[in-house]
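Structure below; questions to follow.
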Amino acid sequence: MVRAPCCESIGLKKGPWTAEEDQILVSYIQQYGHGNWRALPRHAGLLRCGKSCRLRWMNYLRPDIKRGNFTEEEENAIISLHGLLGNKWSAIAAKLPGRTDNEIKNVWHTHLKKRAKSNGAEREEPVKEAATPWRSCSELSSSTTTGSSTATRGASVNEGHTGSPPEPLGMDEDDWWSEALSLDSSVTSLEFSDSSSCLLPFDRTDVSSGDEDEDFWMRVLMEVGGLPELPNF
DNA sequence: AACCGCGTCAACCGCCTAAAC
DNA sequence: CGTTTAGGCGGTTGACGCGGT
């Protein structure tokens, strides 16, 4: 199917936003919200396409945006998450409150990529088919990543897991998450598909809410580099 | 002072997907 | 069930600033 470009209308403005346009957009969204981006510029009186308005709001004008330099912690988190998720900038941004996918993408391409490369923590070129000992999240979510760092990272964290790569886990990512989130909080170890196992790298007993539990498992995945098998209860 | 190269970042482009029809 | 549409995403571009020569 061929779709008309979103800015097909002649006369719509492009390029940098002015302070006045920002003001119009912010006050309109504060007053009416942004239910329909396509209709928004018309209603707000902006000569911009809806996509442009959405982008400006999401990447710059949103009140919860954290501006300024990335902290060391944030940069390390980006490197780790990129190793796990690949170029899933929006997924990475979701784990870094106040940061946008565009900002993260920029900071990655400008300096973190080099740093990750020099640390040996990142691959030069991601590949589609990852020969990982464990199924990586990015593989499961059809993202791009290579196996080497996943395998290395996993092996280094999981002392009991060495040797030839086990068979991929026969479970999709959604199933894994629903199983993980329903596990008893007393779970302390995970298995890999070659029957080796490792202790959970974090203590789960003080996790109280579903959101915290999701963050807990995200941290585990970052540590082990993929989807390990879950114990049965 | 002028030029050049490089890094940074806002914004655009084009594709994909899910929802609506 | 096929088509259309809007939103969302990742890749890319281009303007700008700054430091070095």
Side-chain angles (χ1 to χ4, degrees), chain A residues 1-26 28-30 32-44 46-72 74-119 122-130 136-146 172-174 177 218:
Chain A
M1 148 184 70
V2 180
R3 196 140 69 85
C6 87
C7 299
E8 80 274 30
S9 315
I10 306 299
L12 287 187
K13 204 178 159 200
K14 285 166 78 172
W17 280 64
T18 64
E20 194 190 350
E21 287 176 311
D22 283 348
Q23 179 60 44
I24 292 171
L25 182 58
V26 169
Y28 182 88
I29 290 175
Q30 279 171 351
Y32 303 106
H34 53 71
N36 183 345
W37 285 112
R38 205 171 170 89
L40 187 149
R42 195 159 26 92
H43 293 145
L46 285 163
L47 285 172
R48 296 275 183 174
C49 73
K51 265 189 170 185
S52 182
C53 293
R54 180 188 157 273
L55 206 67
R56 184 64 178 169
W57 173 257
M58 293 299 196
N59 288 338
Y60 200 83
L61 299 174
R62 248 167 42 192
D64 56 331
I65 295 224
K66 196 195 288 181
R67 309 216 65 84
N69 293 338
F70 280 67
T71 64
E72 187 79 19
E74 284 175 318
E75 291 186 349
N76 290 337
I78 292 169
I79 292 170
S80 300
L81 286 164
H82 185 270
L84 179 64
L85 300 168
N87 294 0
K88 294 275 178 187
W89 306 118
S90 60
I92 295 172
K95 295 291 165 192
L96 294 170
R99 300 299 189 181
T100 69
D101 53 355
N102 209 32
E103 209 177 3
I104 290 169
K105 186 166 55 181
N106 280 333
V107 82
W108 171 262
H109 284 124
T110 52
H111 51 284
L112 294 185
K113 190 155 102 178
K114 286 176 218 152
R115 200 216 285 182
K117 207 169 160 183
S118 67
N119 289 347
E122 195 55 36
R123 287 84 61 178
E124 261 189 65
E125 286 298 328
V127 297
K128 296 277 183 196
E129 296 292 329
S136 72
C137 285
S138 42
E139 181 190 353
L140 284 162
S141 55
S142 72
S143 166
T144 55
T145 180
T146 64
D172 75 21
E173 190 175 4
D174 288 342
W177 276 100
M218 201 66 206

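Chain naming here is simple, since letters A, B, ... match the order of the sequence lines and numbering starts at 1 in each.
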**Study point:** Axial cation check for A:Trp89 ring with A:Arg99, 6.0 Å and 45° limits
**Key:** no

Point to revise | CD on A:Gln30 to CG on A:Leu61, rounded to 0.5 Å | key: 10.0 Å

Exercise for review: Could you tell me the separation between the CG atom of A:Asn106 and the P atom of C:dC16, rounded to a whole number of Å?
Suggested key: 17 Å

Practice item. State whether A:Arg56 places a side-chain N or O below 4.0 Å from either non-bridging phosphate oxygen (OP1 or OP2) of B:dA11. Key: yes

Point to revise | Separation of atom CH2 in A:Trp57 from atom P in B:dA10, rounded to whole Å | key: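 From A:Trp57 CH2 to B:dA10 P: 16 Å.
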
Practice item. Calculate the interatomic distance between A:His111 atom NE2 and B:dT8 atom P; express it in whole Å. Key: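 Taking atom P of B:dT8 as the reference, NE2 of A:His111 is at 6 Å.
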
Exercise for review: Ignoring backbone atoms, establish whether A:Thr110 has a side-chain N or O less than 4.0 Å from OP1 or OP2 of B:dT8.
Suggested key: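 Affirmative; the distance criterion is met.
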
Review point. Between the base of C:dG7 and the side chain of A:Lys51, is there a donor-acceptor distance below 3.5 Å?
Key: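 Such a pair does not exist between side chain and base.
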
Check your understanding: Between A:His109 and A:His34, who's closer to the 5' end of DNA chain C by nearest nucleotide?
Key -> A:His34

Review point. Once you round it to whole Å, what is the distance between P of B:dC13 and CG of A:Leu55?
Key: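 The answer, rounded to whole Å, is 11 Å.
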
Practice item. Report the distance from atom OG of A:Ser52 to atom CG of A:Leu40, rounding to the nearest 0.5 Å. Key: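 Here the interatomic distance stands at 11.0 Å.
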
Check your understanding: Which nucleotide in the list B:dA11, C:dA6, B:dC12 gets nearest to the side chain of A:Pro16?
Key ->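 Nucleotide nearest to A:Pro16's side chain: B:dA11.
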
Point to revise | Nucleotide nearest A:Tyr60 (side chain, heavy atoms from C-beta), chosen from C:dG8, C:dC9, B:dA10 | key: B:dA10

Exercise for review: Please tell me which of the listed nucleotides, C:dG10, C:dG11, C:dG7, lies nearest to the side chain of A:Ser90?
Suggested key: C:dG10

Review point. Can A:Glu103 and A:Arg67 be counted as an ion pair, charged N to O under 4.0 angstrom?
Key: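 So A:Glu103 does not pair with A:Arg67 through a salt bridge.
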
Practice item. Send over the distance from A:Arg67 CZ to B:dT8 C1', rounded to a whole Å. Key: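 Value for this atom pair: 13 Å.
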
Practice item. Determine, step by step, whether A:Lys13 and A:Glu21 satisfy the salt bridge (charged side-chain N to carboxylate O under 4.0 Å, His left out) criterion, reporting the C-alpha distance in whole Å, the side-chain angles of both residues, the deciding distance to 0.1 Å, and the verdict. Key: CA-CA 11 Å; A:Lys13 204 178 159 200; A:Glu21 287 176 311; 3.3 Å; yes

Review point. Under 4.0 angstrom, heavy atoms only, what part of the nucleic acid is A:Asn36 near: base, sugar-phosphate, or nothing?
Key: sugar-phosphate

Exercise for review: Can you label the angle between the A:Tyr28 ring and the A:Tyr32 ring as parallel, tilted or perpendicular, going by 30° and 60°?
Suggested key: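 Tilted.
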
Point to revise | Upstream residue (5' side of DNA chain C) when A:Asp101 and A:Gly35 are each assigned their closest nucleotide | key: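 By nearest-heavy-atom nucleotide position, the 5'-most residue is A:Gly35.
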
Review point. Does C:dG19 have a Watson-Crick or wobble mate here (both distances under 3.5 Å), and if so which one?
Key: B:dC4

Revision key, fill the gap. note: A:Asn59, atom CG; C:dC9, atom P; distance rounded to Å ~ 10 Å

Check your understanding: At under 4.0 Å, does any side-chain N or O of A:Arg54 touch on OP1 or OP2 of C:dG8?
Key ->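 Answer is yes, contact under 4.0 Å.
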
**Study point:** Euclidean distance, atom NZ of residue A:Lys105 to atom C1' of B:dC13 [Å, nearest integer]
**Key:**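 After rounding, the gap between these two atoms is 11 Å.
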
Point to revise | Side-chain N or O of A:Arg48 closer than 4.0 Å to phosphate OP1/OP2 of B:dC12 | key: yes

Check your understanding: Considering only side-chain heavy atoms of A:Trp89, which listed nucleotide, B:dA10, B:dC13, C:dG11, is closest?
Key ->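 Looking only at heavy atoms from C-beta outward on A:Trp89, the closest nucleotide is C:dG11.
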
Check your understanding: Could you give the CG-to-P distance, from A:Leu47 to B:dA11, as a whole number of Å?
Key ->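 Distance check: A:Leu47 CG to B:dA11 P gives 16 Å.
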
